[in-house]
Amino acid sequence: MDTTTLALIELGAVFFGLGVLGRLAARIGMSPIPFYLVGGLCFGNGGLIQLGDIGAFSHIASEIGVVLLLLLLGLEYTANELISGLRRSRMAGLLDLALNAAPGAAVALILGLGPVGALALAGVTYISSSGIVAKVLADLGRLGNRETPVVLSILVFEDLTMAVYLPILTAILGGVSLLGGLEAVAISLGLVTVVLVLVVRYGRYISVVLDSPDRETLLLKLLGAALLVAGIASALQVSAAVGAFLLGIAISGSTAHNAVRVLEPLRDLFAAIFFVFFGLNTDPTEIPPVLGWAILLAVLTTLTKLATGWIAAAQHHIAVMGRARAGAALIARGEFSIVIAGLAVASGHVDSRLAAIASAYVMITAVFGPVAARVVEPVMRFASARLPGRDGRQRLPGDEPELL
């Protein structure tokens with residue numbers, strides 16, 4: 001059997017398998033990300049069956065997947081929303097960064113992954129999955145809740161933090177000097193600032209250039225622009241993902257709405273390949289030795305995300321139940337955590353154990369996060385009912401209006 005024929009068969013099997021896994025995830029109300037990672041682990045290095053002829057395609061497809069993930073994330077925001085969100089959430093965002101990056105950095109240093117590994121794992125444990133969080137809030141009908149703007153503002157702060165963090169990580173992974181790293185950070189900050197200013201003043205012109213009434217033309221324009229901007233950003237030592245994110249911010253109005261509509265299926269396809277590709281390049285035999293550390297990180301950062309949401313919601317005078325819902329909504333990690341781990345391991349400067357820890361950690365939190373968001377209300381109501389009131393009797397559900 002020739003190489004092309006074998007590659008077509010393998011790709012067909014992979015795509016069909018992804019469809020089955022996605023369907024299974026939807027049936028049980030979970031994110032498909034853990035299923036995609038497990039699928040990659042089964043058919044990669046050390047897995048059940050090793051796929052050998054789709055490596056080149058999978059690599060470039062996974063890069064496109066990252067670009068599209070960040071492009072559509074940027075399409076969810078306008079520059080004004082980002083700026084106002086940053087102002088509203090800066091204190092909660094800084095608390096989020098301090099509480100959730102520290103456990104990852106500490107575990108990396110304990111395991112001997114070095115300062116670069118600590119920087120990478122800190123990013124893995126820090127950032128929540130915007131995609132999973134948004135889906136959970138929509139599925140549970142909480143988009144109109146009082147705590148939801150607090151959750152979204154924290155996610156915005158995390159996304160902006162990534163715009164600074166990723167260039168720093170990329171520069172360090174590339175082995176540049178301290179001066180080169182500072183230069184990359186300066187370029188990134190300057191680029192973010194310039195883009196936000198330009199978008200506020202002239203964003204409508206960018207949307208006009210990219211807009212088209214024809215779906216095919218619009219798709220080609222958007223994809224071409226995204227890949228061009230990502231490539232230019234990468235050439236400037238700024239992460240390609242950040243470049244795509246900034247382009248998404250620049251597109252607004254009806255163009256942004258139409259862009260989401262035509263790009264979503266393409267994003268889902270290439271993002272799925274990205275998660276599978278990450279799994280393919282992770283040796284499943286390396287996971288058992290670090291599984292305990294992944295579980296420990298999941299427990300610690302579940303508590304720190306709960307604290308983050310609770311404190312942030314309390315600052316906006318939201319009642320106890322809303323604070324609990326805000327914290328539980330932030331638990332899941334996903335796409336960004338895998339992007340960070342993938343960059344680190346692909347550079348060759350970080351031990352491959354980081355990929356194993358990140359895979360196990362993301363699978364645990366991506367599964368547990370939606371479950372926690374769903375059960376936090378009944379758990380809080382049960383706890384409230386069991387606590388004694390001021391008169392010594394047990395509280396009954398509804399006795400404590402502040403809880404609601």
Of all residues at least two apart in sequence or in a different chain, which pass the side chain to side chain contact (heavy atoms under 4.5 Å, CB included) check with [X]?
X    : result
E286 : D283, S352, A356
L24  : F35
L296 : W293, L300
V67  : A226, L227, A230, A244

Could you note down all residue pairs passing salt bridge (Lys or Arg N to Asp or Glu O under 4.0 Å) where residues 294-318 supplies at least one of them, sequence neighbours left out? D96-K305, E158-K305
If you look only at pairs with a residue in residues 122-134, which of them pass as a salt bridge (Lys or Arg N to Asp or Glu O under 4.0 Å), with sequence neighbours excluded? none
Counterpart residues, side chain to side chain donor-acceptor pair (under 3.5 Å), relative to T217 (two or more places apart): D214
Going by the rule side chain to side chain donor-acceptor pair (under 3.5 Å), which residues pair with S129 if we only count those two or more places apart in sequence or in a different chain? E335
Between T161 and Y126, is any pair of side-chain heavy atoms under 4.5 Å apart? yes
Is the shortest heavy-atom distance from the side chain of L228 to the side chain of L247 under 4.5 Å? no
Mind listing the side-chain donor-acceptor pairs of residues 259-279 below 3.5 Å, one per line with the distance, residues two or more places apart or on another chain?
unit_1: R261; atom_1: NH2; unit_2: N258; atom_2: OD1; d: 2.9

Residues two or more places apart in sequence or in another chain: which of them pass salt bridge (charged side-chain N to carboxylate O under 4.0 Å, His left out) with E377? R142, R325
Heavy-atom pair with the smallest gap, counting every atom of L121 and G104: CD2-O, 3.3 Å
Verdict with reasoning, M321 to E147, per side chain to side chain contact (heavy atoms under 4.5 Å, CB included): CA-CA 9 Å; M321 185 69 83; E147 76 276 1; over 6 Å; no
Would you say T125's side chain and N100's backbone share a donor-acceptor pair under 3.5 angstrom? yes
Does anything in residues 353-365 form a side chain to side chain donor-acceptor pair (under 3.5 Å)? List the pairs, not counting sequence neighbours. T301-Y361, R333-Y361, D351-R353
Between E216 and L220, does the side chain to side chain contact (heavy atoms under 4.5 Å, CB included) criterion hold? Intermediate values first, please. CA-CA 6 Å; E216 180 180 348; L220 292 172; 4.2 Å; yes
